[in-house]
Amino acid sequence: QPELSWQGITLSITAGPTREAIDPVRYISNQSSGKMGFALAAIAAQLGADVTLIAGPVPLATPAGVKRVDVISAEQMHQAALKAAQNSAIFIGCAAVADYRMAEIAVEKLKKTSDDALTLKLVKNPDIIASVAALSQQRPFTVGFAAETHNLIDYAKGKLTNKKLDMICANDVSDPAQGFNTEHNAVTMIWPNGELALPAQAKTELAKLILQQILQQYQMVEKA
Ligand code: C5P
């Protein structure tokens with residue numbers, strides 16, 4: 001397949017985990033490394049896209065030519081993502097957003113008590129990609145990721161529909177050699193009337209193929 005050009009296309013990408021404070025010194029987070037999102041940002045910029053990368057707390061260098069917006073919590077990522085998305089032709093949600101945050105962040109460090117159990121009250125975070133896909137004006141072509149340990153394709157198709165996405169990359173994370181926190185990954189790309197399996201390979205190689213599929217589908221939808 002010939003390489004499609006990203007020249008002049010505005011793209012925003014969320015990447016990495018979010019971190020939800022419990023008190024001034026503790027937080028809830030997850031194992032996302034941000035590598036897939038950073039790889040997508042790096043390659044898209046190399047291919048000529050105008051890339052904004054909304055990054056959760058990860059110790060990764062900013063890829064050349066990429067505009068980076070650092071955020072910590074899901075609420076911060078939500079605000080930054082909505083702003084960037086409305087100025088983008090394409091939005092890719094790669095971030096592993098924490099599903100819940102503290103109902104109230106403790107102002108002072110929580111003290112250990114004599115109790116053997118501690119209950120934290122959590123509330124649901126906004127679904128960032130669903131709110132991007134629900135934009136009534138300046139809605140970008142919206143691409144999500146689904147990381148699953150079982151029923152991968154079924155769950156991914158459910159998310160494609162429920163979150164009203166244009167495309168989703170289904171990622172099997174049951175295999176410790178791929179997915180979260182590794183250099184390699186394999187995905188199946190799914191859109192409303194098709195799918196394509198991309199075999200396990202380095203995240204940078206995979207990023208090229210994913211971007212090619214996204215651009216192809218974006219251009220089809222644009223023309224329609
Ligand atoms: O529902 P689930 O978290 O599995 O969906 C994954 C997709 O949704 C990813 O694209 C992720 O970036 C996005 N997401 C989001 N905001 C959330 C939860 C997930 O943007 N609060």
Side-chain angles (χ1 to χ4, degrees), residues 11-21 27-41 44 51-58 60 69-86 88 90-103 122-135 139-174 179-181 185 187-192 195 198 203 206-207 210-211 213-214 217-218:
L11 169 66
S12 45
I13 302 175
T14 64
T18 65
R19 188 181 280 178
E20 311 301 327
Y27 58 80
I28 297 167
S29 192
N30 61 66
Q31 297 280 13
S32 170
S33 65
K35 283 175 188 161
M36 192 70 239
F38 274 63
L40 287 166
V51 184
T52 301
L53 178 59
I54 300 140
V58 288
L60 295 174
V69 180
D70 281 313
V71 297
I72 306 280
S73 68
E75 285 180 302
Q76 290 169 358
M77 185 177 279
H78 189 218
Q79 282 194 3
L82 276 177
K83 193 172 157 204
Q86 288 173 88
S88 298
I90 301 178
F91 177 89
I92 307 176
C94 249
V97 183
D99 290 321
Y100 296 90
R101 67 174 181 277
M102 287 287 280
L122 305 178
V123 294
K124 216 172 221 162
N125 269 328
D127 191 315
I128 297 170
I129 203 165
S131 55
V132 168
L135 284 169
R139 176 195 182 278
F141 183 86
T142 308
V143 184
F145 272 75
E148 306 289 348
T149 55
H150 59 286
N151 290 345
L152 175 64
I153 302 300
D154 279 354
Y155 281 138
K157 283 182 177 166
K159 285 174 193 180
L160 180 75
T161 310
N162 294 334
K163 297 180 191 244
K164 299 189 164 56
L165 308 179
D166 297 294
M167 246 183 156
I168 195 156
C169 300
N171 188 184
D172 181 350
V173 290
S174 66
F180 270 29
N181 233 328
N185 203 2
V187 301
T188 298
M189 306 215 43
I190 305 169
W191 54 97
E195 62 182 75
L198 301 173
K203 283 184 178 174
L206 188 66
I210 291 174
L211 286 169
Q213 281 308 309
I214 290 173
Q217 196 58 27
Y218 164 71

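Each ligand, and each atom within it, is numbered from 1 in the order the structure gives.
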Checklist entry - Nearest protein heavy atom to atom 7 (C) of ligand 1, by residue and atom, and its distance? => result F145 O, 3.0 Å
Item to check | Heteroatom proximity flag, I128 to ligand 1, N/O under 3.5 Å | outcome: yes
Next on the checklist: Within the 4.5 Å heavy-atom criterion, are Q217 and F141 side-chain neighbours or not?
Outcome noted: yes
Checklist entry - Is there any N or O on I129 that sits under 3.5 Å from an N or O of ligand 1? => result yes
Checklist outcome for this item: The reported gap from CG in L211 to CG in L11 (rounded to nearest 0.5 angstrom) is 7.0 Å
Checklist entry - Donor-acceptor pair, S88 side chain versus P140 backbone, under 3.5 Å? => result no
Checklist entry - Between G93 and ligand 1, does any nitrogen or oxygen pair lie at a separation below 3.5 Å? => result yes
Item to check | ligand 1 N/O within reach of K159 N/O, cut-off under 3.5 Å | outcome: yes
Item to check | T18: partners by side chain to side chain donor-acceptor pair (under 3.5 Å), with sequence neighbours left out | outcome: E20
Checklist entry - With a cut-off of 4.0 Å, which atoms of ligand 1 are near a heavy atom of G144? => result 10 (O)
Next on the checklist: Looking at E195, I want to see if its CD is surrounded by more than 12 non-hydrogen atoms of other residues, nucleotides or ligands under 6.0 Å.
Outcome noted: yes
Checklist entry - ligand 1 and K163, any nitrogen or oxygen pair closer than 3.5 angstrom? => result yes
Next on the checklist: Yes or no: does N125 have any heavy atom under 4.0 Å from an atom of ligand 1?
Outcome noted: no
Checklist entry - Below 4.0 Å from any atom of ligand 1, is there a heavy atom belonging to P126? => result yes
Checklist entry - How far apart are the C-alpha atoms of L82 and V132, what are their side-chain angles, what is the distance that settles it, and do they pass the side-chain contact (heavy atoms from CB on, under 4.5 Å) test? => result CA-CA 6 Å; L82 276 177; V132 168; 4.1 Å; yes
Next on the checklist: Give me the nearest non-hydrogen protein atom to atom 17 (C) of ligand 1 as residue plus atom name, then the distance to 0.1 Å.
Outcome noted: V97 CB, 3.5 Å
Checklist entry - Is A95 close to ligand 1, meaning an N/O of one under 3.5 Å from an N/O of the other? => result yes
Item to check | Test: D166 and R139 ion pair at under 4.0 Å | outcome: yes
Next on the checklist: Tell me whether A146 has any N or O atom under 3.5 angstrom from an N or O of ligand 1.
Outcome noted: no
Checklist entry - Who are the side chain to side chain donor-acceptor pair (under 3.5 Å) partners of T161, not counting sequence neighbours? => result none
